[in-house]
Asker: 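This is the structure, below, for whatever I ask next.
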Protein chains: 2
Amino acid sequence: MPNQQPGLDLVFRALGDPTRLAIVGRLARGPAPVSELAAPLRMSLPSAMQHIAILEQAGLVTSRKVGRVRTCSIDLAAMSEAERWIGERRREWEGRLDRLGEYLKTIDGGERDGADD
Amino acid sequence: MPNQQPGLDLVFRALGDPTRLAIVGRLARGPAPVSELAAPLRMSLPSAMQHIAILEQAGLVTSRKVGRVRTCSIDLAAMSEAERWIGERRREWEGRLDRLGEYLKTIDGGERDGADD
DNA sequence: GTGTTAGTTAGGCAAATGCCTAACCAACAG
DNA sequence: CTGTTGGTTAGGCATTTGCCTAACTAACAC
């Protein structure tokens with residue numbers, strides 16, 4: 001049963017770290033080179049790079065090296081996939097609640113028994 | 001700079017594991033007792049419980065114990081928070097692209113210089 | 001009472017994570 | 001060519017994670 005969208009857990013795992021969350025937050029405002037991303041992080045460059053690598057593996061970020069500068073950008077596809085998955089679960093749950101409400105209205109004048117699921 | 005919504009990284013971290021993703025997927029279809037959640041997982045009960053505890057700490061799941069049965073439910077608040085955060089970054093990025101497009105149209109008949117950010 | 005079922009606590013262990021420093025390579029600056 | 005800057009590779013290390021088994025508690029069944 002541990003199977004939903006393949007790789008989706010990678011996306012969430014990549015976002016599951018304050019440093020990486022901050023990097024994505026920064027990149028949403030526009031592309032940036034590695035060193036600019038690393039600057040506000042209290043952390044060595046190699047460590048920052050590791051975080052960026054994880055974001056890339058998850059498909060959240062892409063990067064291209066021009067001279068000796070590697071410029072990173074957000075990749076919307078993975079973001080949207082994650083957003084959609086959550087939204088689908090949410091709607092599933094809300095729909096369930098709605099149907100429950102309808103059912104309760106159906107037996108309105110009848111019993112007064114608490115029913116769930 | 002590692003500061004966005006407090007606890008948001010906890011939410012993503014909790015979702016960043018196939019087992020826990022599966023549990024949330026299951027719970028979106030309706031509440032369930034611990035042992036029913038654990039059944040499809042190839043894993044001991046204590047291990048499954050640990051995952052549930054993590055989901056609860058992240059605010060993704062709530063649970064109430066009635067007799068000796070603990071019933072778990074999804075908590076939409078944390079889910080929505082995560083969904084909203086992603087959506088905001090996405091819109092931020094898309095807005096940026098749109099403004100870039102407008103700018104490029106502005107200088108339409110003029111230069112042909114690649115501008116970014 | 002005894003036994004069974006649902007969950008919990010305690011303790012241990014291998015692997016993964018997140019950080020570091022040191023050394024290295026490649027581009028640009030002088 | 002020499003020095004500096006941006007990035008990368010290598011290796012090490014403490015902590016956290018994810019799993020386990022064994023032992024325990026609490027409710028319900030007989």
Side-chain angles (χ1 to χ4, degrees), chain A residues 1-4 7-27 30-58 60-73 116-117, chain B residues 1-4 7-27 30-58 60-73 116-117:
Chain A
M1 189 126 316
N3 247 330
Q4 306 279 149
L8 186 56
D9 63 303
L10 266 190
V11 175
F12 285 127
R13 181 181 292 247
L15 292 174
D17 175 282
T19 300
R20 292 194 289 269
L21 214 48
I23 291 176
V24 172
R26 163 64 188 82
L27 284 180
V34 169
S35 49
E36 188 183 320
L37 291 177
L41 276 27
R42 264 88 108 298
M43 183 178 302
S44 69
L45 228 209
S47 298
M49 291 263 312
Q50 230 169 341
H51 284 295
I52 294 173
I54 288 172
L55 288 169
E56 272 195 88
Q57 281 165 24
L60 285 160
V61 162
T62 57
S63 71
R64 278 190 26 199
K65 199 168 179 177
V66 170
R68 55 183 161 168
V69 175
R70 176 173 300 276
T71 302
C72 304
S73 304
D116 194 58
D117 198 55
Chain B
M1 188 116 335
N3 248 330
Q4 307 279 150
L8 186 56
D9 62 305
L10 266 190
V11 175
F12 284 127
R13 180 181 293 247
L15 292 174
D17 175 281
T19 300
R20 292 194 290 268
L21 214 47
I23 292 176
V24 172
R26 164 63 189 83
L27 285 180
V34 169
S35 49
E36 189 183 318
L37 292 177
L41 276 26
R42 262 89 106 297
M43 184 178 302
S44 69
L45 228 209
S47 298
M49 291 262 312
Q50 230 168 344
H51 284 296
I52 295 173
I54 289 171
L55 289 169
E56 273 195 87
Q57 281 165 25
L60 285 160
V61 162
T62 58
S63 71
R64 277 191 26 200
K65 199 168 178 175
V66 170
R68 56 184 160 168
V69 175
R70 176 173 298 277
T71 302
C72 303
S73 304
D116 196 55
D117 202 63

Asker: With A:Arg13, which residues qualify under side-chain contact (heavy atoms from CB on, under 4.5 Å), at least two apart?
Answerer: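 Partners of A:Arg13 by the side-chain contact (heavy atoms from CB on, under 4.5 Å) criterion, ordered by chain and then number, come out as B:Asp17.
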Asker: So which atom in B:Leu27 and which in B:Ala32 form the shortest heavy-atom distance, rounded to 0.1 Å?
Answerer: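 Looking at all heavy atoms of both residues, the shortest contact is CD2-N, 3.8 Å.
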Asker: For nucleotides 14-16 of chain D, give me every protein contact, N/O to N/O, under 3.5 Å, one pair per line with atom names.
Answerer:
none

Asker: Using whole Å, report how far CG of A:Leu37 lies from P of D:dG7.
Answerer: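 Taking CG of A:Leu37 and P of D:dG7, I get 9 Å after rounding.
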Asker: Given C:dC20, is OP1 or OP2 found less than 4.0 Å from the side-chain N or O atoms of A:Ser44?
Answerer: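 Yes, within the criterion.
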Asker: Check whether any side-chain heavy atom of B:Val34 lies under 4.5 Å from a side-chain heavy atom of B:Leu45, and answer yes or no.
Answerer: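 Side chain of B:Val34 against side chain of B:Leu45, heavy atoms only: contact under 4.5 Å found.
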Asker: How long is the span from the CG atom in B:Leu60 to the CG atom in B:Leu10, to the nearest 0.5 Å?
Answerer: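 With rounding to 0.5 Å, CG (B:Leu60) is 9.5 Å from CG (B:Leu10).
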Asker: Atom CG of A:Leu41 to atom P of D:dG7: distance rounded to whole Å?
Answerer: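 Interatomic distance, CG of A:Leu41 to P of D:dG7: 14 Å.
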Asker: Rounded to the nearest angstrom, tell me the gap between atom CG in B:Asp17 and atom P in D:dT17.
Answerer: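 Roughly 11 Å, once rounded to whole Å.
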Asker: Work out which heavy atom in B:Leu21 is nearest to a heavy atom in B:Leu15; give both atom names and the distance.
Answerer: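 Closest approach of B:Leu21 to B:Leu15: CD1-O, 3.4 Å.
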Asker: Look for any protein N or O under 3.5 Å of an N or O in nucleotides 10-13 of chain C and output each such pair with its distance, or none.
Answerer:
none

Asker: Ignoring backbone atoms, test whether B:Ser47 places a side-chain nitrogen or oxygen under 4.0 Å from the OP1 or OP2 oxygen of D:dC20.
Answerer: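 Yes, within the criterion.
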Asker: I need the CZ-C1' distance between A:Arg70 and D:dT8, as an integer number of Å.
Answerer: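 Atom-to-atom, A:Arg70 to D:dT8, this comes out as 9 Å.
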Asker: For DNA chain C, whose closest nucleotide is more 5', that of A:Arg20 or that of B:Met49?
Answerer: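 Checking each residue's closest nucleotide, the 5'-ward one belongs to B:Met49.
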Asker: Which whole-number value in Å describes the distance from A:Glu56 CD to D:dG7 C1'?
Answerer: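 In whole Å, D:dG7 C1' and A:Glu56 CD are 13 Å from each other.
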Asker: To the nearest Å, give me how far apart CZ (B:Arg64) and C1' (C:dG7) are.
Answerer: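 Rounded to the whole Å, the gap is 17 Å.
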Asker: Using whole Å, report how far CZ of A:Arg42 lies from P of C:dC19.
Answerer: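 So the two atoms are 12 Å apart, to the nearest Å.
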Asker: If you look only at pairs with a residue in residues 30-41 of chain A, which of them pass as a salt bridge (Lys or Arg N to Asp or Glu O under 4.0 Å), with sequence neighbours excluded?
Answerer: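 Listed by first then second residue: A:Arg26-A:Glu36.
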Asker: Figure out the CD1/C1' separation between A:Ile52 and D:dG6, and round it to whole Å.
Answerer: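 Result: 12 Å.
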Asker: Taking only N and O in the side chain of B:Ser35, is any of them less than 4.0 Å away from OP1 or OP2 of C:dA6?
Answerer: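 So the side chain of B:Ser35 is outside the cut-off, no N or O lying under 4.0 Å from OP1 or OP2 of C:dA6.
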Asker: Sequence neighbours left out, cut at 3.5 Å: what donor-acceptor pairs do the side chains of residues 47-55 of chain B make with other protein atoms?
Answerer:
| from | atom 1 | to | atom 2 | distance (Å) |
| --- | --- | --- | --- | --- |
| B:Ser47 | OG | B:Ser44 | OG | 3.0 |
| B:His51 | ND1 | B:Arg20 | NH1 | 3.1 |

Asker: For each nucleotide in nucleotides 25-30 of chain C, reading 5' to 3', give B when a protein heavy atom comes within less than 4.0 Å of its base, S when such contact involves only the sugar-phosphate, and - otherwise.
Answerer: --BS--
Asker: Answer yes or no: is there a side-chain heavy-atom contact under 4.5 Å between A:Glu56 and A:Val61?
Answerer: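 In contact.
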Asker: Using heavy atoms to find the nearest nucleotide of DNA chain C for A:Ile54 and B:Val34 separately, return the residue whose nucleotide is more 5′.
Answerer: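 Result of the comparison: B:Val34.
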